[in-house]
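For reference, the structure is listed below as structure tokens.
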Number of protein chains: 2
Amino acid sequence: MNQVAFIGLGAMGLPMASNLLAARFPVAGFDMNPQALAALRQAGGRACDSARDAAAGADALVLMVVNAAQAEQVLFEDGALEALADEAVVVLMATCPSAVVTRLAERVRRAGRQLVDAPVSGGVVGARAGTLSIMTAAPAAIFERIAPVLRAMGDKVFHVGEEPGQGAVVKTVNQLLCGVHIAAVAEAFSLARKAGVDLQVLLEIMSGSAASSWMLKDRGPRMLRDDPEVTSAIDIFVKDLGIVLASGSDSRAALPLAAAAHQMFLATAGRGLGQADDSQVIQSYDLINGNRQA
Amino acid sequence: MNQVAFIGLGAMGLPMASNLLAARFPVAGFDMNPQALAALRQAGGRACDSARDAAAGADALVLMVVNAAQAEQVLFEDGALEALADEAVVVLMATCPSAVVTRLAERVRRAGRQLVDAPVSGGVVGARAGTLSIMTAAPAAIFERIAPVLRAMGDKVFHVGEEPGQGAVVKTVNQLLCGVHIAAVAEAFSLARKAGVDLQVLLEIMSGSAASSWMLKDRGPRMLRDDPEVTSAIDIFVKDLGIVLASGSDSRAALPLAAAAHQMFLATAGRGLGQADDSQVIQSYDLINGNRQA
């Protein structure tokens, strides 16, 4: 890979692009935010005026945009796809519904290029440390070609299938579990608080029992505080559990736990807490269960 | 403690009583099952003909019976309570609804004795290894007296509160999380299976990601099999999530995830799988989502 184009230099994208540069990949990047472009230049990258400029002659185009609509805009309306080198690979790393990824991959294929479905997990912390999990779906030969680029950004690079869309499914399933686990901890703590149990003691016990989860240990301590630092926002799960349910709807699969959890994140966002830490879904439980005043 | 009476020598109770004997507590036990009594004798305990005989003159009466109704029967109808030594302590280790424990404790107190609320977590494996978590609620002085007995059965003995019933709440919350986590894994795997993703690869990825839980790692592998060994039965979660919801109902707390999960365990039991491994709740998801024929 002689030239990597990187579109979407946000909280995740900028450190990911920086890790590519640190691994000596030449990166040309674009973002609507001039500060992000300045930061890319600082990290040794080439800041471009448009997605098309960044893509010009690149062998790989990494998309770390907000959603599938932005990915389509960049590829087909802003002209990034046609500006790429022959044989170039489009690497879609944003979280998108599986059916949309499948459709995008088909459009990219018709334009004579290949789409690699490669959503990530690990958040901003993993993006900075280069320790993301990357759930890649693409034909094996294409996976082999792009793997060095992916390994510069994540230390757990999985090849989950040959069909673009299957990576998105794995990410969707990941988010189903993450979102349900956060809501379950909130539901459990809300019941315990109502019964007058010391939540700090409870958290210690649950962390060492069969009731434990990664989310319990990570979000649990922040649920005991009213205004913790934000490591991942309520709005992320409003979006991602929305994708989970859309995926279930597309394939006609009932997902009762995900649906119930989504409602609690939605209501929390509806009270203006969309940018609060996702642990604060507990406020919705505490409100309806009478542990808290509106 | 010169003499411990132990009622309920089932899959959990027998190894717990054996661990008391190994720690040099004299144990007199009773169970309806003659084979269990023979096994107690084999382990060095005294097998009795009735709960009252086992309790006669004992300083502690451990109840590891199936439910609260059995505990009441043993204490008040079979005469075990009045047969105990003066100052004896009743240790209720079965999983019971918190409100019932509070009521039982009051009846025991009126009879001049004390009830220690001490439900356990850790299953048969923990009972055998003496590594149970024990969630104890009792006045501090009584907790101190009984703690050596508890530590012979579990290596994580917590004093969660002064009021009997608070241990039951912690156990209830524990089971809420355990039951919801099992159902969530089943729901996630069912979605992934429908999309044609390799569940073995998925399990590996989820086990190392923020989507992980103790239950995912423990039950996940057994969900990939149709007839795995039974380490904990579907009927346990039919009962325990029933207690969770009764507890929510008693205190008027909405528990939408626990309610949804309970439905899936109920339906699984309803098809005759009550004694199957609880991982098999996935069969209900796979049935309704068309991954499996009835």
Side-chain angles (χ1 to χ4, degrees), chain A residues 98 121-123 133 135 156 158 160-161 163 165-166 169-170 172-178 180-181 183-185 187-192 194-198 201-202 205-206 208-216 218 244 247-248 251-258 260-261 263-264 288-290, chain B residues 98 121-123 133 135 156 158 160-161 166 169-170 172-178 180-181 183-185 187-192 194-198 201-202 204-206 208-216 218 244 247-248 251-258 260-261 263-264 285 288-290:
Chain A
S98 170
S121 153
S133 292
M135 296 153 261
K156 293 174 285 293
F158 297 99
V160 303
E163 302 285 337
Q166 290 179 318
V169 171
V170 174
T172 298
V173 166
N174 191 81
Q175 294 309 87
L176 185 162
L177 287 168
C178 290
V180 169
H181 289 169
V185 174
E187 183 168 308
F189 281 12
S190 173
L191 177 62
K194 186 142 196 180
V197 168
D198 182 328
V201 173
L202 184 77
I205 299 174
M206 299 296 104
S209 91
S212 188
S213 68
W214 192 96
M215 282 296 175
L216 175 85
D218 190 77
V244 168
S247 176
S251 64
R252 295 290 183 266
L255 306 170
L257 297 179
Q263 298 302 305
M264 301 306 284
I288 60 169
N289 289 335
Chain B
S98 171
S121 151
S133 292
M135 297 152 260
K156 295 174 283 293
F158 297 99
V160 304
Q166 291 179 318
V169 170
V170 173
T172 299
V173 166
N174 192 80
Q175 294 309 87
L176 186 161
L177 287 169
C178 289
V180 169
H181 288 169
V185 175
E187 183 168 309
F189 281 12
S190 174
L191 177 63
K194 186 140 196 179
V197 168
D198 182 328
V201 173
L202 184 77
E204 184 195 339
I205 299 174
M206 299 296 104
S209 91
S212 188
S213 67
W214 192 96
M215 283 296 174
L216 175 86
D218 189 76
V244 168
S247 177
S251 65
R252 296 290 182 268
L255 306 171
L257 296 179
Q263 298 303 304
M264 302 306 283
Y285 277 101
I288 59 170
N289 289 335

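Values below: every heavy atom of this structure, side chains too, minus hydrogens, waters and symmetry copies. We name chains A, B, ... by the order of the sequence lines, and we start the count at 1 in each one.
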Rounded to the nearest 0.5 Å, what separation is found between the [atom1] atom of [X] and the [atom2] atom of [Y]?
| X | Y | atom1 | atom2 | value |
| --- | --- | --- | --- | --- |
| B:Phe189 | A:Leu177 | CZ | CG | 7.5 Å |
| B:Ser121 | A:Met206 | OG | CE | 7.0 Å |
| B:Gln166 | A:Leu202 | CD | CG | 11.5 Å |

Heavy-atom closest pair, residues [X] and [Y]:
| X | Y | result |
| --- | --- | --- |
| A:Val180 | B:Ala184 | CG1-CB, 3.9 Å |
| A:Leu257 | B:Ala261 | CD2-N, 3.8 Å |
| A:Ala253 | B:Lys194 | CB-CD, 4.3 Å |
| A:His181 | B:Ser213 | CE1-CB, 3.8 Å |
| A:Gly248 | B:Leu191 | CA-CD1, 4.1 Å |
| A:Pro256 | B:Ala260 | CB-CB, 4.4 Å |

Bottom line for A:Ile205: the part with an atom under 4.5 Å from chain B's heavy atoms is both
Heavy-atom distance under 4.5 Å to chain B: side chain of A:Leu255, backbone, both or neither?
both
Which answer fits [X], side chain, backbone, both or neither, if we ask what part of it has an atom under 4.5 Å from a heavy atom of chain A?
| X | value |
| --- | --- |
| B:Ser98 | neither |
| B:Val201 | side chain |
| B:Val169 | side chain |

Does the side chain of B:Val197 reach to within under 4.5 Å of the side chain of A:Val170, using non-hydrogen atoms?
yes
Residue from B:Ser133, B:Ala195, B:Ser251, B:Gly161 scoring the most non-hydrogen pairs under 4.5 Å with chain A is B:Ser251
I'd like to know which of B:Gly208, B:Ala258, B:Ala188, B:Ala210 tops the heavy-atom pair count under 4.5 Å against chain A.
B:Ala210
Residues at least two apart in sequence or cross-chain that pass side chain to side chain donor-acceptor pair (under 3.5 Å) with A:Ser209, listed by chain then number, are B:Asn174
Using the test side chain to side chain donor-acceptor pair (under 3.5 Å), find all partners of B:Asn289 that sit at least two apart in sequence or belong to another chain.
B:Ser190
Looking at chain B, which one of A:Ala211, A:Gly290, A:Ala254 has the largest number of heavy-atom pairs inside 4.5 Å, strictly under?
A:Ala211
